[in-house]
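Have a look at the structure below, then the notes.
Note that the coordinates shown come from a computational prediction; the quantities given were computed from them, not determined experimentally.
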Amino acid sequence: MKLSVPGRATGAVVVAAVTLLTTGAINGAAPAPTAAAAAPDIPVANVKAHLAQLQSIATANGGNRAHGRTGYKASIDHVKAKLDAAGFTTTLQQFTSSGRTGYNLIADWPGGDANQVVMAGSHLDSVTAGPGINDNGSGSAAILETALAVSRAQYQPTKHLRFAWWGAEELGMVGSKYYVNGLSSANRAKISDYLNFDMIGSPNPGYFVYDDDPTIEKTFKDYFAGVGIATEPETEGDGRSDHSPFKNVGIPVGGLFSGADYIKTAAQAAKWGGTSGQAFDRCYHASCDTASNIDDTALNRNADALAYAVWTLSS
């Protein structure tokens, strides 16, 4: 998530729900809502395998995956290869920012009503200080695994599905602004829902739902209510992540977030567990945002909620 004053990051999430239906609760949660039955289970191990790949890419490329650096290009090439093999139609968008070349990756699943597009996106770039595994490998890996689940299921939604990985978010949502600014007014009107996932595996997590489009917000809140997890509205992320350019042109937006450098209160720790008096992510924008800087339970729950929303809103 983009740094801003006083430095809080925005929402994010990801992946699938039927495991909750078939195996019961995860970590004591209630069974998933019945409506989630259409969404396939995506094991958190699959999402973590993508995170391990992003960590390896960063390690091999100077310790980061930042805009204009070799680690970012290797990251987007890795994601693109997975999607191409899964049958998506991919487009690599190129732009320039701060004198360096950046890239967005857009992946369309064939079929569905092209005049009603459900879109899920995450920024793929890190800051230069570290590998960016929670911020925002977590969101990127979750939507990648959700997209692969669409392919495995050969899902045929009523609406058209599109996934996106944005470049240069950390420089001010440069990639997503480039994409939105390049859309005609007619193509903007075709996007019925934009879902953003920016930091969804924070190590001292909260469960925040974007306080934006009411229908999208209700979809996420219904999911979490069905599994017995209390949520809070995520309002601090306005203008801080890639949903902002979409919102600014009137596209309905929503998303998930597990917390950045704000401090978890005693009430939040009582509600969600974890440690009060500490940041949701003490490694936010730091070199320690590595593959060990992830809470598996938060990543799993947010991935499940992500898949539930994608299936629910597109059907």
Side-chain angles (χ1 to χ4, degrees), residues 1 8-17 19-20 25-33 35-36 39 42 44 47-48 120 122 134-139 141-143 146 195-238 240-241 243 253-284 293-310 312-313:
M1 174 173 293
R8 170 147 181 204
T10 92
V13 194
V14 183
V15 195
T19 289
L20 294 176
I26 291 178
N27 295 320
I42 298 173
V44 70
V47 183
K48 288 189 58 100
S122 295
N134 187 38
D135 185 15
N136 182 37
S138 61
I143 67 165
T146 301
L195 313 178
N196 196 60
F197 303 95
D198 186 356
M199 301 179 65
I200 59 170
S202 302
N204 188 29
Y207 294 89
F208 299 98
V209 175
Y210 287 22
D211 185 19
D212 285 294
D213 178 73
T215 299
I216 300 173
E217 182 181 10
K218 184 177 186 300
T219 301
F220 284 124
K221 289 172 74 173
D222 284 351
Y223 178 81
F224 281 113
V227 296
I229 299 169
T231 63
E232 292 184 8
E234 162 44 28
T235 56
E236 296 294 332
D238 287 351
R240 298 282 310 281
S241 191
H243 61 295
V253 303
L256 299 176
F257 177 52
S258 57
D261 59 346
Y262 273 28
I263 303 302
K264 179 178 277 189
T265 67
Q268 289 170 330
K271 179 163 50 181
W272 294 322
T275 306
S276 65
Q278 290 187 4
F280 293 101
D281 183 357
R282 290 185 291 175
C283 291
Y284 175 61
N293 189 48
I294 290 288
D295 182 87
D296 289 3
T297 300
L299 186 67
N300 195 13
R301 287 170 169 170
N302 281 322
D304 289 347
L306 173 107
Y308 175 80
V310 167
T312 301
L313 293 169

How many angstroms lie between [atom1] in [X] and [atom2] in [Y], if you round to the nearest 0.5 Å?
X: Thr231; Y: Lys271; atom1: OG1; atom2: NZ; answer: 7.5 Å
X: Asp212; Y: Leu195; atom1: CG; atom2: CG; answer: 11.0 Å
X: Ile294; Y: Met199; atom1: CD1; atom2: CE; answer: 9.0 Å
X: Asn136; Y: Ile143; atom1: CG; atom2: CD1; answer: 8.5 Å
X: Ser202; Y: Phe257; atom1: OG; atom2: CZ; answer: 6.0 Å
X: Thr312; Y: Lys218; atom1: OG1; atom2: NZ; answer: 10.5 Å

Which heavy atom of [X] sits nearest a heavy atom of [Y], and at what distance?
X: Asp213; Y: Ile216; answer: OD2-N, 3.0 Å
X: Asn302; Y: Ser258; answer: ND2-CB, 4.1 Å
X: Pro233; Y: Asp211; answer: CB-CB, 4.0 Å
X: Val253; Y: His243; answer: CG1-O, 3.7 Å
X: Ala307; Y: Thr146; answer: CA-CG2, 4.3 Å
X: Gly201; Y: Ala298; answer: CA-CB, 4.4 Å

Heavy-atom donor-acceptor pair, Asn300 side chain to Asp296 backbone, under 3.5 Å: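 No; zero donor-acceptor contacts below 3.5 Å.
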
With under 30° as parallel and over 60° as perpendicular, where do the rings of Tyr308 and Tyr223 fit, or are they tilted in between?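 Tilted.
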
Per the side-chain hydrogen bond (donor to acceptor under 3.5 Å, both in side chains) rule, which among Asp295, Asp281, Asn293 passes with Asn134?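 Filter result, single survivor: Asp281.
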
Among Lys264, Arg282, Gln268, Gln278, whose side-chain hydrogen bond (donor to acceptor under 3.5 Å, both in side chains) with Asn204 holds?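 Going through Lys264, Arg282, Gln268, Gln278 one by one, the side-chain hydrogen bond (donor to acceptor under 3.5 Å, both in side chains) with Asn204 is satisfied by Lys264 alone.
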
Inspect the surroundings of NZ in Lys221 and state if more than 12 heavy atoms from other residues, nucleotides or ligands are less than 6.0 Å away.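 No, because the 6.0 Å sphere around NZ of Lys221 holds 12 heavy atoms or fewer from other groups.
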
Answer yes or no: is there a side-chain heavy-atom contact under 4.5 Å between Leu306 and Phe197?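 The answer is yes, as the side chains (C-beta and beyond) meet within the 4.5 Å cut-off.
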
For a 4.5 angstrom cut-off between non-hydrogen side-chain atoms, does Ile229 reach Arg301?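 Yes, close enough: below the 4.5 Å cut-off.
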
Mind checking whether Phe208 and Phe280 have ring centres under 6.0 Å apart?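 Ring-ring flag for Phe208/Phe280: true, centres closer than 6.0 Å.
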
